[in-house]
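Read through the structure below, which is laid out as structure tokens, and then see the notes.
Computed over heavy atoms, backbone and side chain alike; hydrogens, waters and symmetry mates excluded. What you are looking at is a predicted structure, and each value in this text was computed from that prediction instead of being measured. Lettering follows sequence order; numbering is per chain, from 1.
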Amino acid sequence: MSILHLSWKNILNKPLNLVLNLVLFALGVGLISLLLLVNVQLEDKFEKNFAGIDLVIGAKGSPLQLILSSLYHLDAPTGNMPVSEAKAFLNPKHPIFKSAIPLSLGDSHRGYRIVGTNTGLIDLYEAKFADGKLFEENMEVVVGATVAKNLNIKLGDEFKSSHGLIEDENLVHEDAAPFKVVGILEKTGSVIDQLIVTKTQSIWAVHDEHSHEAEESTEHDHNEAEHDHDHDEAGHEHEHEHDHDEVEHSEDLPLTSYEDKSITSLLVKFKGRNIQALNMARNINENTNFQAATPAIEINRLYTLLGVGEEALKAMALLIIFVSGLSIFISLFSSLRERKYELAVMRTLGARPGFLFQLIIFEGIIISVLGYFCGIALSHGSMVLLADFLEKSYRYDFSAAIFLKEEIYIFGGSLVIGIIAAIIPAFQASKTDIHATLADNKG
Amino acid sequence: MLKSINLSFQYSGSTPIRFPDFTAEQGDQWLILGPSGSGKTTLLHLLGGLLSPTEGNVTLGDFNYATISAARLDKFRGENIGIVFQKAHAVQSLSVMENLLLTQQLGGKSLDKKKIMDLLERLQIAHKANQKPNRLSAGEQQRVAIARAVVNQPRLILADEPTSALDDKNSTEVQNLLKESAEAVKAILLVVTHDNRLTSAFHKQLLLK
């Protein structure tokens, strides 16, 4: 019978103490590990979605909101950019911009965002096709891997988009032409997995039809003025038919030729990081009706904001771990009092002081190691639930099956805590005075 | 042969207790009597190597307690001395069988379940082998203590008030079992007690003042 085995038996002999210690330890370890899991994956997502974008240009508003909506597809868009005013940025021969990918946001299909853009977005995330091809015609869409999987979408499927970013049957563009799936992307681990991508012109087409139909269904010209307020595009009633034709038949016109349309934002890459490029953001903010936000700056700001909550949680987790260490110490110490005779008797049977020392140290280690594994199980278990929640509410897929090297460090930390909690009781046990203990019991 | 010469022990702040010189041959069975405070338990612990004397020394066979390291003495005790206390104080988390296996292991003997079962059989507690000690009655627990004291076939068995927590029936049985078990392994048996029920069973008696 090894010392370890005896330690194990001793621990099992006090099941309530064991449960208390394990619960405390597992809570502490679980919380820390969960924080790490969320943090690492969140940062990983943010890094991947960065995709080398230097600047995001959009309507004025919160720069963080602009970044979140355009780069991470998390928040609502800030507003629209009329193409007529954004023409300069869309110029392919722009002296500073290497590329500017236009985005038109605001519609969704069963909770997944539909993005009107060009093929640049697919190239940006280096997405490959699992099936099908790139969109060419209007109303053709390419769907991300997660969308395809979760909505069980196949090539050739058709659907109608909804207005807004939440799933609401009342907001479906019933009167617009349906989208048709022509391509399905491979999983990239970036945000494009959650997106439905189409041509900018398709989004315009949906809203043209939409407003057109809406006008027909109302009592004709009377409401023209109201429509001006309701719809950005409704004011250009007479050109609608014309636009419509253009969208249908001359798709290769550059976006700049649709002067009366709007997009949501632009993802910009610079040619180089020179002074001109660095001043670009300030110029846009000061001299145009748009704002330019730098992802790196905004995301750092977000980390700082989140950091406070994270620090608080981390402090709480450390506190719980400290308390659980204390709890192990107290239960070992009080068990020594109950066991002092049997420890003394073991000494008379030939056990060395070192035997008793190891016996108690192993008890501390066993509790902390078990607590560690319970904690890791707890964190990964919670991650399964949390991933489900995040997936549902943010369309971000997190994995519970990722194991981090930090979790090995936590294991080391757990061992250390177990040993520290046990070291004083172990020392005390090794010092058991056989004579005093056993003579004392004579009564 | 157990021999103590010129043995004395002094608790801090009190006068030293001097013990008469004492010799026991292999197989002898002695009863050590004396009033409370006469140092019966102290003598037993000195003879068992649980306590170092202020003066004098103890030898068991060729083995002089005073001249060896604490580690050797612990090992020697595990191999050669069995001790029965007033209560068994068995390891609570282990079954009776596991307690005795642990005793064999600590005494440096090979683990032998059959031997333990035979012993438990003789002590009439074989049916309790897989029970935890705290499920046993006081009499049964003392039988476990006896089993533990003799399982390694020691040269010396020491018993400190082995029967004083027991009723008359159990007292007689435990006393007999103790004597038989000591005989069976040809050990020296020393019993310290103030329990008068034992006096008639031992011919050799040492009275401490």
Side-chain angles (χ1 to χ4, degrees), chain A residues 1-19 21 331-332 334-360 362-364 366-367 425 429-443, chain B residues 9 11 36 39-42 44-46 48-52 70-95 98-109 111 132-134 145 148-149 151-152 154 158 160-161 164-165 192 194:
Chain A
M1 186 182 314
S2 64
I3 303 182
L4 196 62
H5 183 74
L6 185 54
S7 298
W8 173 238
K9 288 274 187 176
N10 283 336
I11 290 171
L12 286 188
N13 205 37
K14 295 265 171 223
L16 287 181
N17 274 349
L18 177 62
V19 168
N21 286 327
S331 50
L332 287 181
S334 65
S335 82
L336 282 194
R337 208 166 293 172
E338 287 170 40
R339 287 191 278 163
K340 69 176 187 178
Y341 297 118
E342 69 178 63
L343 291 174
V345 166
M346 276 195 259
R347 289 278 283 112
T348 72
L349 295 175
R352 298 284 305 138
F355 181 95
L356 301 188
F357 186 85
Q358 285 180 61
L359 184 70
I360 306 298
F362 281 151
E363 290 181 21
I366 292 172
I367 295 172
S430 74
K431 285 278 167 202
T432 297
D433 183 334
I434 315 174
H435 166 67
T437 307
L438 293 170
D440 171 53
N441 181 44
K442 293 270 309 236
Chain B
F9 186 82
Y11 286 98
S36 295
K40 299 189 300 287
T41 295
T42 306
L44 201 78
H45 286 187
L46 289 170
L50 306 180
L51 188 64
S52 300
R72 287 285 313 279
L73 186 58
D74 282 339
K75 186 166 179 288
F76 176 79
R77 191 171 53 235
E79 286 168 4
N80 297 292
I81 304 177
I83 311 177
V84 180
F85 299 97
Q86 186 176 347
K87 288 185 186 155
H89 299 310
V91 178
Q92 291 301 321
S93 62
L94 301 180
S95 69
E98 289 167 330
N99 262 284
L100 293 169
L101 287 170
L102 178 67
T103 305
Q104 287 182 330
Q105 184 185 329
L106 292 174
K109 314 282 173 165
L111 304 188
K132 294 277 175 71
N134 61 2
R148 191 174 60 197
V151 69
N152 288 344
L158 302 170
D160 190 2
E161 304 282 10
S164 49
V192 153
H194 65 267

Quiz prompt | Pairwise side-chain contact, B:Gln105 with A:Leu6, heavy-atom cut-off 4.5 Å (strictly under) | solution = no

Self-check item: Per-residue contact mode, B:Thr42 against chain A (heavy atom under 4.5 angstrom)
Solution: both

Quiz prompt | Interatomic distance, A:Leu438 atom CG to B:Ile83 atom CD1 [nearest 0.5 angstrom] | solution = 8.0 Å

Practice problem: Please round to the nearest 0.5 Å and tell me the distance separating atom NZ of A:Lys9 and atom OG of B:Ser95. | Solution: 6.5 Å

Self-check item: From B:Leu51 atom CG to A:Asp433 atom CG, the distance as rounded to the nearest 0.5 Å
Solution: 8.0 Å

Practice problem: To the nearest 0.5 angstrom, please state how far the NE2 atom of B:His89 sits from the NZ atom of A:Lys340. | Solution: 9.5 Å

Quiz item: Nearest 0.5 Å, what's the NE2-CG distance between A:His5 and B:Leu102?
Solution: 10.0 Å

Exercise. Please report the shortest heavy-atom distance between B:Ala88 and A:Val345, naming the atom on each side.
Key: O-CG2, 4.3 Å

Quiz item: With only heavy atoms counted, which part of B:Leu111 is less than 4.5 Å from chain A, the side chain, the backbone, both or neither?
Solution: side chain

Quiz item: Any idea which of B:Leu73, B:Leu94, B:Asn99 has the most non-hydrogen atom pairs under 4.5 angstrom with chain A?
Solution: B:Leu94

Quiz item: Would you call the rings of B:His45 and A:His435 parallel, tilted or perpendicular, where under 30° means parallel and over 60° means perpendicular?
Solution: perpendicular

Exercise. Kindly say whether B:Leu50 contributes a backbone atom to a donor-acceptor pair with the side chain of A:Arg347 at under 3.5 angstrom?
Key: no

Practice problem: Tell me, for A:Arg339 versus chain B, whether the close heavy atoms (under 4.5 Å) come from the side chain, the backbone, both or neither. | Solution: neither

Practice problem: Select one option (side chain, backbone, both, neither) describing which atoms of B:Gln104 are under 4.5 Å from chain A's heavy atoms. | Solution: neither

Exercise. Output the option from A:Asn13, A:Ile434, A:Leu343 having the highest count of non-hydrogen pairs under 4.5 Å with chain B.
Key: A:Asn13

Quiz item: Any side-chain heavy-atom pair from B:Ile81 and A:Thr348 closer than 4.5 angstrom?
Solution: no

Quiz item: For B:Ala90, is it the side chain, the backbone, both, or neither that has a heavy atom closer than 4.5 Å to a heavy atom of chain A?
Solution: backbone

Exercise. Check whether any side-chain heavy atom of A:Arg352 sits under 4.5 Å from a side-chain heavy atom of B:Lys75, and report yes or no.
Key: no

